[in-house]
Amino acid sequence: MLDISKLGEFGLINHLTKGYEKKNESTVYGVGDDCAVMHYPDKEVLMTTDMLMEGVHFDLTYIDMVHLGYKSAMVNISDIFAMNGTPRQMVVSIALSKRFKVEDIDEFYKGLRMACDKWGVDIVGGDTTSSLTGLAISITCIGEAAKEEIVYRNGAKETDLICVSGDLGGAYMGLQLLEREKAVYYGQIEDIRKKMAEAKANGDNEKLALLNRDLENMRNFQPDFAGKEYLLERQLQPEARGDVIAQLREAGIRPTAMMDVSDGLSSELMHICEQSHCGCRVYEKNIPIDYQTAVQAEEFNMNLTTCAMNGGEDYELLFTVPIGDHEKIETMEGVRQIGYITKENLGKFLITRDGQEFELKAQGWNPLKD
Ligand SMILES: Nc1ncnc2c1ncn2[C@@H]1O[C@H](COP(=O)(O)OP(=O)(O)O)[C@@H](O)[C@H]1O
Ligand SMILES: Cc1ncc(C[n+]2csc(CCOP(=O)(O)OP(=O)(O)O)c2C)c(N)n1
Ligand SMILES: [Mg+2]
């Protein structure tokens, strides 16, 4: 394992970026000067940025560096698609604590590159520095769209249909599952340590040796994820839905409002309604949920609809279309109509399977909450 201090800042940057070939014409100049240079002669430029902090957004006990790189890039690329744009460039800033080795950052870049290659994005710069605590990541993604193509959150109109791609709640269930296995792992270690303290106090060296071996064996701890692969994939390897954007374009559908689902459907619906000055009615029975998500919610004794409405990190697209597009949407695979837009004074409601109406609340994930 190679110490980062051996390479130094510029050595590391060079190591990570050498031999890079750009993919986009709009990338004029990438890594190596005071600024990257981009050229967009006749398009609007889209820009989005997100930070990911160790312990707040990710936990390195259950996400590896390749997946972390992939996910960090995908969640930014997702924001460009959410404007109906095409992602083109990315700047990547990282603050590293001492425990990271060059190989760790290589893995992170491997994941980053996989995500960028998938959607034709050039990494054109960034910043590399040290951190006294955990790993901090900040990514900015730049994209383009023709002025008339851009879809904002504020364009939804009364009678528009509300649509969502893929399925919801899976990433959240994946996170619950990872958290549970982490708790099981640390619970077992705690248990062995307690017994070791007892054996020590009793001078029972034979038992102490056996317990020491148990502790060693914990390195081979195998979490129980059989049959739950989809949930882990949703949490650890989210995909930006550029395929849905392409499908909509092909079908000649231009959404009136759109955003991606990062904090949870409920919270995102409220953003669209508030910014569009309208209300909505969303039907519980129409919310797309995968089988594994349903099974896991049952196992954890959690309300399935709550998980789907407030779970977050689905990175699916939530959008509204004119009611005239109903039939076109119906033939689109992987897109569901979940409700419709109403007048603002009618409020924002979820209608349950048994016909009860609940006012929507944004109780999704909030990093600033205690
Ligand atoms: N510190 C900040 N300074 C200025 N604008 C910010 C800041 N943080 C967030 N924003 C802006 O607030 C809006 C909402 O942010 P956010 O909820 O993070 O969006 P998203 O879910 O797409 O990442 C965005 O336009 C974002 O650029
Ligand atoms: C250790 C850990 N804690 C919490 C989460 C859950 N989580 C991380 S990011 C996120 C949603 C989006 O994060 P935010 O910072 O709000 O991004 P933005 O809305 O700005 O895109 C959620 C639900 C997680 N995946 N891992
Ligand atoms: Mg953000």
Side-chain angles (χ1 to χ4, degrees), residues 44-65 67-85 87 90-91 93 111 115 133-143 145 150-154 168-183 185-186 231-241 245 257-276 293 296 302 306-319 362-370:
E44 305 288 89
V45 179
L46 307 174
M47 186 157 89
T48 176
T49 194
D50 268 309
M51 290 190 78
L52 293 113
M53 305 293 292
E54 183 175 356
V56 177
H57 296 92
F58 59 89
D59 183 334
L60 287 170
T61 48
Y62 49 67
I63 189 165
D64 60 78
M65 292 297 269
H67 280 94
L68 182 62
Y70 191 85
K71 182 168 175 175
S72 306
M74 275 300 174
V75 305
N76 277 275
I77 291 171
S78 173
D79 277 322
I80 301 284
F81 288 133
M83 297 297 287
N84 200 27
M90 185 175 279
V91 287
S93 300
T133 53
L135 172 63
I137 304 160
S138 168
I139 293 187
T140 299
C141 190
I142 296 150
I150 299 178
V151 178
Y152 295 90
R153 294 177 181 181
N154 66 9
L168 303 175
Y172 176 73
M173 278 336 297
L175 180 61
Q176 299 309 306
L177 196 60
L178 289 160
E179 295 270 9
R180 180 187 69 181
E181 290 303 305
K182 181 182 164 183
Y185 173 78
Y186 283 111
L231 302 179
L232 294 188
E233 199 179 294
R234 294 293 287 170
Q235 169 59 223
L236 300 176
Q237 196 180 316
E239 296 290 351
R241 299 307 307 264
I245 295 297
M258 182 155 63
M259 66 184 298
D260 65 340
V261 182
S262 61
D263 294 334
L265 178 65
S266 189
S267 157
E268 320 302 24
L269 271 170
M270 292 186 67
H271 281 305
I272 287 190
C273 286
E274 273 155 26
Q275 296 196 27
S276 300
T293 308
Q296 196 57 49
M302 285 175 162
T306 307
C307 294
M309 292 296 287
N310 301 306
E313 293 188 286
D314 299 304
Y315 297 102
E316 293 297 340
L317 290 171
L318 170 68
F319 56 94
Q363 41 192 196
W365 191 72
N366 179 353
L368 298 181
K369 217 163 55 184
D370 289 333

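Keep in mind that the numbers below use all heavy atoms, side chains included, and drop hydrogens, waters and symmetry copies. Throughout, residue positions are numbered sequentially from 1 according to the sequence presented. Order of listing sets the numbers, starting from 1, for every ligand and every atom in it.
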Would you check if the side chain of E268 reaches a backbone N or O of D263 as a donor-acceptor pair within less than 3.5 Å? yes

Quick one: which of E316, E239, E313 gives a salt bridge (Lys or Arg N to Asp or Glu O under 4.0 Å) with R234? E316

Does M74 offer a backbone N or O that forms a donor-acceptor pair with the side chain of S78 under 3.5 Å? no

With atoms numbered from 1 as shown, which atoms in ligand 1 lie under 4.0 angstrom from a non-hydrogen atom of S262? 21 (O)

Nearest 0.5 Å, please: how far is CG in L231 from OH in Y172? 13.0 Å

Using 0.5 Å steps for rounding, measure from the NE2 atom of H67 to the CG atom of L60. 13.0 Å

Check if E179 has a non-hydrogen atom at a distance under 4.0 Å from any atom of ligand 2. no

Check whether any heavy atom of M51 sits under 4.0 Å from an atom of ligand 1. no

Numbering as shown, the atoms of ligand 2 that approach Q235 to under 4.0 Å (heavy-atom distance): 25 (N)

Region of L175 that comes within reach of ligand 2 [heavy atoms, distance under 4.0 Å]: side chain

Here the atoms of ligand 2 under 4.0 Å from any heavy atom belonging to Y62 are 1 (C)

Which of the numbered atoms in ligand 2 are below 4.0 angstrom from a heavy atom of E313? 5 (C), 6 (C), 7 (N), 8 (C), 9 (S), 10 (C), 11 (C), 22 (C), 23 (C), 24 (C), 25 (N)

Could I get the full list of salt bridge (charged side-chain N to carboxylate O under 4.0 Å, His left out) partners for E233, not counting sequence neighbours? none

Of D79, N84, I150, I142, the one forming a side-chain contact (heavy atoms from CB on, under 4.5 Å) with L46 is I150

The option among G312, S262, G174, G311 carrying the non-hydrogen atom nearest to atom 11 (C) of ligand 2 is S262

Numbered in order shown, the ligand 2 atoms found under 4.0 Å of a heavy atom of D59 are 1 (C)

Mark up the atoms of ligand 1 that fall under 4.0 Å of a heavy atom belonging to D79, in ascending order. 22 (O), 23 (O)

Region of M47 engaging ligand 1 - heavy atom pairs below 4.0 Å: neither

Output the list of atoms in ligand 1 that are nearer than 4.0 Å to some heavy atom of D50, sorted by atom number. 23 (O)

Ligand 2 contact on Y172 by region, counting heavy-atom pairs under 4.0 Å: neither

Is it true that V56 lies under 4.0 Å from ligand 2, counting heavy atoms only? yes

Nearest 0.5 Å, what's the OG-CE distance between S138 and M53? 10.0 Å

So how far is it from I139 CD1 to N76 CG, rounded to the nearest 0.5 Å? 5.5 Å

Write down the atom of H57, the atom of L52, and the distance for their closest heavy-atom approach. ND1-CA, 3.5 Å

Of the backbone atoms (N, CA, C, O) and the side-chain heavy atoms from C-beta on, which set of D50 has a member under 4.0 Å from an atom of ligand 2: side chain, backbone, both, or neither? side chain

